[in-house]
Amino acid sequence: RIRIQVINPNTCQAMTKTIGMAAQAAAGPDSEILAVCPSEGVPSIEGHFDEAIAAVGVLEQIKIGREQGVDGHIIACFGDPGLMAARELAQAPVIGIAEAAMHMATLVSTRFSIVTTLPRTLIIARHLLQLYGFSHHCAALHAIDLPVLTLEDGSGAAQRKVRERCMQAIKEDGCGAIVLGCGGMADLARALTLELGVPVIDGVSAAVKMVESLAELGLSTSKLGDLAYPESKPLSGKFQVFNP
Ligand SMILES: O=C(O)C[C@H]1NC(=O)NC1=O
């Protein structure tokens, strides 16, 4: 039995549910999904400041997951906030949905486009493309120019904008695949793939399959060198939660 902790780094319960359901839909019969979000923090992540705040909550959840003995952790926000810090803290694999979706897209296309939420977060996706070495694989980046939480407002407006932008990207970018740039879009990928006839990739589902693969291969985060457990020192104030 593989237990996978899926962390929505923002504190929106509805989005945590959307993400958890998408993860469960992708999970194999022997996998159990534990969908969580930080007990405190930021309701949505729409920039560098939000990411910095969210990262602490991610690390708290990583610590809890490690104590529960989970077989893998997923950071279900397209900025992959706290990913390397989480890998230092974790024993099991830690995968961010942006890296998962980008890797998957390179396996089924020569170039992919990204569709995300606010224009100001495009720079975060660009930075990740550079960091992960996928800049030359990305044809273009688009934003639907709606706040993240409109994906959970029940109007369907954000979902319609995502569909429009995907169609526009397919027409204009010369891309072979689309990466959905938000954890809250996780439930849209399968229907859009069928309707648009090109791979539309959601990082939550991609990360679930990658964690399952790593777990079954007996691979976990290397503790040799850069990702060794953090140097032990007495943390103070609100960070005492991390003291051993
Ligand atoms: O960066 C974005 O636009 C999306 C990102 N923000 C968030 O709260 N969850 C996410 O996946």
Side-chain angles (χ1 to χ4, degrees), residues 5-23 26 35-61 73-83 86 94-105 112-132 134 138 140-153 157-159 161-166 169 178-189 192 200-208:
Q5 181 194 44
V6 181
I7 304 167
N8 170 20
N10 73 43
T11 57
C12 172
Q13 294 293 349
M15 191 165 284
T16 304
K17 190 167 180 338
T18 299
I19 289 167
M21 286 168 65
V36 297
C37 70
S39 49
E40 55 191 21
V42 60
S44 64
I45 298 159
E46 296 171 318
H48 308 286
F49 174 84
D50 294 347
E51 286 207 337
I53 292 184
V56 177
V58 166
L59 293 173
E60 260 186 294
Q61 293 304 315
H73 312 263
I74 292 170
I75 299 176
C77 167
F78 201 72
D80 296 349
L83 178 61
V94 185
I95 295 190
I97 63 171
E99 67 174 350
M102 291 171 181
H103 277 276
M104 280 293 188
F112 60 85
S113 288
I114 296 173
V115 175
T116 189
T117 53
L118 288 182
R120 67 176 296 165
T121 65
L122 291 173
I123 188 62
I124 294 174
R126 284 192 204 286
H127 285 169
L128 292 182
L129 287 164
Q130 288 160 7
L131 185 64
Y132 300 147
F134 291 136
C138 183
L141 297 98
H142 306 284
I144 61 171
D145 205 1
L146 285 176
V148 167
L149 294 185
T150 55
L151 284 160
E152 293 296 341
D153 71 9
Q159 285 76 7
K161 290 275 278 190
V162 170
R163 181 175 170 276
E164 277 166 32
R165 287 307 253 168
C166 288
I178 302 274
V179 163
L180 296 179
C182 181
M185 298 177 187
D187 56 340
L188 308 179
L192 285 170
V200 176
I201 298 164
D202 144 56
V204 174
S205 319
V208 166

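Ligands are counted one by one from 1 in listed order, and the atoms in each one are counted from 1 as well. Atoms considered below: every heavy atom in the structure, side chains included; atoms not considered: hydrogens, waters and symmetry mates.
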Show the atom names and distances, to 0.1 Å, of all donor-acceptor pairs under 3.5 Å that link a side chain in residues 44-59 to residues at least two apart or in another chain.
from	atom 1	to	atom 2	distance (Å)
Ser44	OG	Glu46	OE1	3.4
Glu46	OE2	Val148	N	2.8
Asp50	OD2	Glu46	N	2.7

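Residues of the protein with a heavy atom under 4.0 Å from ligand 1 are Asn10, Ser44, Ile45, Cys77, Phe78, Thr116, Thr117, Thr121, Val148, Gly181, Cys182, Gly183, listed by chain and number.
Taking Gln5 as the reference, His73 meet the side-chain hydrogen bond (donor to acceptor under 3.5 Å, both in side chains) condition, with sequence neighbours excluded. When the side-chain hydrogen bond (donor to acceptor under 3.5 Å, both in side chains) test is applied to Ser113, the partners found at least two apart in sequence or on another chain are Asp173.
Counting heavy atoms from C-beta outward, Leu128 and Glu99 have side chains that stay 4.5 Å or more apart.
By the neighbour-count criterion of 12 heavy atoms within 6.0 Å, atom CD of Gln130 is densely surrounded, having more than that number from other residues, nucleotides or ligands. More than 12 heavy-atom neighbours from other residues, nucleotides or ligands sit within 6.0 angstrom of CZ on Arg165.
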